[in-house]
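Here is the structure we will look at, set down as structure tokens.
Numbers restart at 1 for each chain; the letters A, B, ... are given by sequence-line order, proteins then strands. Just so it is clear, the structure is predicted and the values come from calculations on it, not from any experiment.
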2 protein chains.
Amino acid sequence: MTPVRRRTLEILLETHRAMGAYEVLDRLAEDGFGRQPPVAYRALEFLVEHGLAHRLQRLNAFAACLHPGEEHAPVFLICRKCDKVAETSAPAVRNTLHDAAGEMGFTVERATIEALGLCPVCAEGRE
Amino acid sequence: MTPVRRRTLEILLETHRAMGAYEVLDRLAEDGFGRQPPVAYRALEFLVEHGLAHRLQRLNAFAACLHPGEEHAPVFLICRKCDKVAETSAPAVRNTLHDAAGEMGFTVERATIEALGLCPVCAEGRE
DNA sequence: CTTGACTTGTTATTACATAACATGAGAAGA
DNA sequence: TCTTCTCATGTTATGTAATAACAAGTCAAG
């Protein structure tokens, strides 16, 4: 865990939002780190590899992992209003997925499960 | 259903692979349609909106819908070797997802479930 | 002290996606 | 028939996301 990587994780944790790589990069640059895309991408890649962050495909964004270390099957609930990301664990979902794939002879190595919708807060207010 | 849209769908069906928008665009151009990105993106957007195709976030790509018309909860099995996409339906997965989200007060509007792995064919041969 | 693995940084380029505007065809209504 | 509206298609230009390829510094093992 190096300074850039630590700072990147801190940024993700502080905002608690789905963040684009370039958004992260801007913050890193403010703190004196490099201003080039690979700086952010490499740090984020590292965090993802080590289970400290996740990549959200739908938004082309990243979010800090809320359950690092634990063996978990993350499911993301992304609010389309405020971009906040709730991460929940639903082993049953994963199991069903693996079973269904297995029936077709397909070997699942990695899975992405993302739900887009409204969080409780935004659902209360007017849309 | 217009010529561009029809041709776009045909292309997706013919290849039966996850295709990037620019890949689709090249084929459309060969057939005399426009060469600019919006041509492909609009046609693909239309197909997705009308349930004739799906967008695969992990690959930034698109694939024809194999069960158009049916009310379905698609789950994608993407082979990382040959890029072929198998689309299966796993209502149980969706149900579990909706339930888990509901417990947290989250309203699911759309969900993306994609599995990356090896298809039976590629799993047989050497990786 | 030197080799090798690794991290960070750079420049440059590629890939993906959309904004904004112009044109033309076809339907709906005066 | 003519006008108007809608919508599909096409364009130019730009914005956003991601990676390739290389240079330089650190640090531990031998």
Atom CD of A:Glu45 to atom P of C:dT8: distance rounded to whole Å? 12 Å
Run the side-chain hydrogen bond (donor to acceptor under 3.5 Å, both in side chains) test against A:Arg5 and tell me which residues pass, sequence neighbours left out. none
Would you mind telling me which of C:dT11, C:dA17, D:dT9 lies closest to the side-chain atoms of A:Pro38? C:dT11
I'd like to know if A:Glu23 and A:Arg17 make a salt bridge, using a cut-off of under 4.0 Å between side-chain N and carboxylate O. yes
Rounding to an integer number of Å, can you tell me how far B:Arg55 CZ sits from C:dA17 C1'? 8 Å
Gap between atoms CG and P, on B:Leu56 and C:dA17 respectively (whole Å): 11 Å
Spacing of B:Arg42 atom CZ relative to D:dG10 atom P, expressed in whole Å: 8 Å
Of the candidate nucleotides C:dA17, D:dG10, D:dA18, which contains the atom at the shortest distance from the side chain of B:Val4? D:dG10
A:Leu44 CG to D:dA18 C1': how many Å, rounded? 12 Å
Within the structure, does a side-chain N or O atom of A:Tyr41 lie under 4.0 Å from either OP1 or OP2 of D:dT19? no
Which of these nucleotides, D:dT19, D:dG10, C:dA17, is closest to any side-chain atom of B:Pro37? C:dA17
To the side chain of B:Tyr22, which of C:dT8, C:dT18, C:dC16 is closest? C:dC16
To the nearest angstrom, how far is A:Phe62 atom CZ from D:dT16 atom C1'? 13 Å
Can you find a side chain N or O atom of A:Arg5 that sits less than 4.0 Å from OP1 or OP2 on C:dT8? yes
Here the distance between atom P of D:dT26 and atom CE of A:Met1, to the nearest Å, is 22 Å
Expressed as a whole number of angstroms, how long is the span from B:Gln57:CD to D:dT16:P? 18 Å
Is the distance from the ring center of A:Phe62 to that of A:His54 below 6.0 Å? no
Can a side chain N or O of B:Arg35 be found less than 4.0 Å away from OP1 or OP2 on D:dG10? no
Determine: side-chain N/O of A:Arg7 to OP1/OP2 of C:dT8, distance under 4.0 Å, yes or no. no
Could you check whether B:Arg42 pairs with B:Glu45 (Lys NZ or Arg NE/NH1/NH2 to Asp/Glu carboxylate O, under 4.0 Å)? no
Short N-O contact, A:Glu14 and A:Arg7, less than 4.0 angstrom: yes
